[in-house]
Amino acid sequence: MQSVKEIPVTLSHLFDTVHHIRKIEKGTFLFQEGSNADELYIVRSGILQISKIIPDGRELTLRMCSNGELVGELNLFSPTSKFLLSARVVESGEVAVIKKETLEEKLSQDLPLSFEFIQWMSQQYRKTQTKFRDLVLHGKKGALYSTLIRISNSYGIKTNKGILVELPLTNQELANFCGTSREVVNRLLSDLRRTNMISIDKGIITIHDIDYLKREIDCEDCPIEICKVD
């Protein structure tokens, strides 16, 4: 089987600013929206889900973060002292803890590092921009289809039956990615299963016809580093 997941953007050159290492346990929060934001984190192992609770009570998942990803970066060089998003642990692991003021000082003094950091932030912005484009322009069905494509790019492996998504997800978690209800996702997934476009076994999704999903949302063939959930 051939992996279609690329090596994540690595920020390992920031490890000389690390204050300490913290273990993270599945089902807990690394931080929650509104809590004090005086730290940033580099994921060493495990997976974090970065989400926003929207006014009607639904949860909108913006990205998944795994090895090498920086989390909490939105608060850099900002007077805001509270986290704007929440980070829930979906797979146990470890994060390297960086004090916000330490990283700000290093970025202020190291021009090459600052340039690389700006490039990384630009890429994160493009990912978020294309995600909201899909949510707004293609409706609930398009939001789910684009989410399946992004997840397959991040966590999929090619098999003789299609692309198997290694990350198990509940229908509620998929709904959170789409900013819709679980009932809507249940119906849309049932339609895809009935037409044999996907199959699901114990929460593991196999996409049998990725090209069908792309045609349905008029896929623009964005670079794979943009069309991902991590």
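Since the structure is predicted, the reported quantities are computational estimates derived from the model, not experimental observations. The figures here come from the full heavy-atom set of this structure, side chains too, leaving out hydrogens, waters and symmetry mates.
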Measure the shortest side-chain to side-chain distance between [X] and [Y] over non-hydrogen atoms and say whether it is less than 4.5 angstrom.
{"X": "Leu107", "Y": "Leu103", "answer": "yes"}
{"X": "Thr206", "Y": "Ile163", "answer": "no"}
{"X": "Ile50", "Y": "Cys65", "answer": "yes"}
{"X": "Glu105", "Y": "Glu101", "answer": "no"}
{"X": "Ile149", "Y": "Ile210", "answer": "yes"}
{"X": "Glu69", "Y": "Tyr41", "answer": "no"}
{"X": "Glu166", "Y": "Leu164", "answer": "yes"}
{"X": "Lys106", "Y": "Leu113", "answer": "yes"}

State whether [X] and [Y] are salt-bridged, where the test is any N-O pair (Lys NZ or Arg NE/NH1/NH2 against Asp/Glu carboxylate O) under 4.0 Å.
{"X": "Arg88", "Y": "Glu173", "answer": "yes"}
{"X": "Lys141", "Y": "Glu216", "answer": "yes"}
{"X": "Lys82", "Y": "Glu33", "answer": "no"}
{"X": "Lys99", "Y": "Glu39", "answer": "yes"}

Check: [X] side chain, [Y] main-chain N or O, donor-acceptor pair, under 3.5 Å:
{"X": "Thr61", "Y": "Arg63", "answer": "no"}
{"X": "Thr28", "Y": "Ile24", "answer": "no"}
{"X": "Ser146", "Y": "Gly142", "answer": "yes"}

What is the minimum heavy-atom distance between [X] and [Y], and which atoms define it?
{"X": "Leu84", "Y": "Lys52", "result": "O-NZ, 3.4 Å"}
{"X": "Ile198", "Y": "His208", "result": "C-CD2, 3.5 Å"}
{"X": "Ser114", "Y": "Ser108", "result": "OG-N, 4.4 Å"}
{"X": "Val18", "Y": "Ala96", "result": "CG2-CB, 3.6 Å"}

Pairwise distance [atom1]([X]) to [atom2]([Y]) - rounded to 0.5 angstrom:
{"X": "Ser199", "Y": "Leu192", "atom1": "OG", "atom2": "CG", "value": "11.0 Å"}
{"X": "Phe177", "Y": "Leu148", "atom1": "CZ", "atom2": "CG", "value": "10.5 Å"}
{"X": "Lys100", "Y": "Leu40", "atom1": "NZ", "atom2": "CG", "value": "8.0 Å"}
{"X": "Ser181", "Y": "Asn171", "atom1": "OG", "atom2": "CG", "value": "10.5 Å"}
{"X": "Leu169", "Y": "Tyr155", "atom1": "CG", "atom2": "OH", "value": "9.0 Å"}
{"X": "Ser152", "Y": "Ile157", "atom1": "OG", "atom2": "CD1", "value": "12.0 Å"}

The test is side chain to side chain contact (heavy atoms under 4.5 Å, CB included); show your working for Lys26 and Ile47 and say whether it passes.
CA-CA 9 Å; Lys26 180 178 179 179; Ile47 300 175; over 6 Å; no

Is the number of heavy atoms from other residues, nucleotides or ligands within 6.0 Å of NZ (Lys140) greater than 12?
no

May I ask you to decide if the ring planes of Tyr212 and Tyr145 are parallel, tilted or perpendicular, using 30° and 60° as cut-offs?
tilted

State plainly whether one hydrophobic cluster holds both [X] and [Y], where clusters connect Ile, Leu, Val, Met, Phe, Trp and Tyr through side-chain heavy atoms under 4.5 angstrom apart.
{"X": "Val184", "Y": "Leu144", "answer": "yes"}
{"X": "Ile200", "Y": "Leu167", "answer": "yes"}
{"X": "Phe31", "Y": "Phe29", "answer": "no"}

May I ask you to check whether His19 and Thr102 show a side-chain donor-acceptor distance below 3.5 Å?
no

Checking Glu94 against Ser45: is there a side-chain donor and acceptor pair closer than 3.5 Å?
no

Would you check, one step at a time, whether the test side chain to side chain contact (heavy atoms under 4.5 Å, CB included) holds for Glu116 with Met121?
CA-CA 9 Å; Glu116 291 177 6; Met121 286 288 290; over 6 Å; no

Take Val97 and Ile21 through the side chain to side chain contact (heavy atoms under 4.5 Å, CB included) test and state the conclusion after the steps.
CA-CA 6 Å; Val97 180; Ile21 304 298; over 6 Å; no

Step by step, work out the side chain to side chain contact (heavy atoms under 4.5 Å, CB included) result for Leu48 and Val43.
CA-CA 8 Å; Leu48 291 169; Val43 182; 3.8 Å; yes

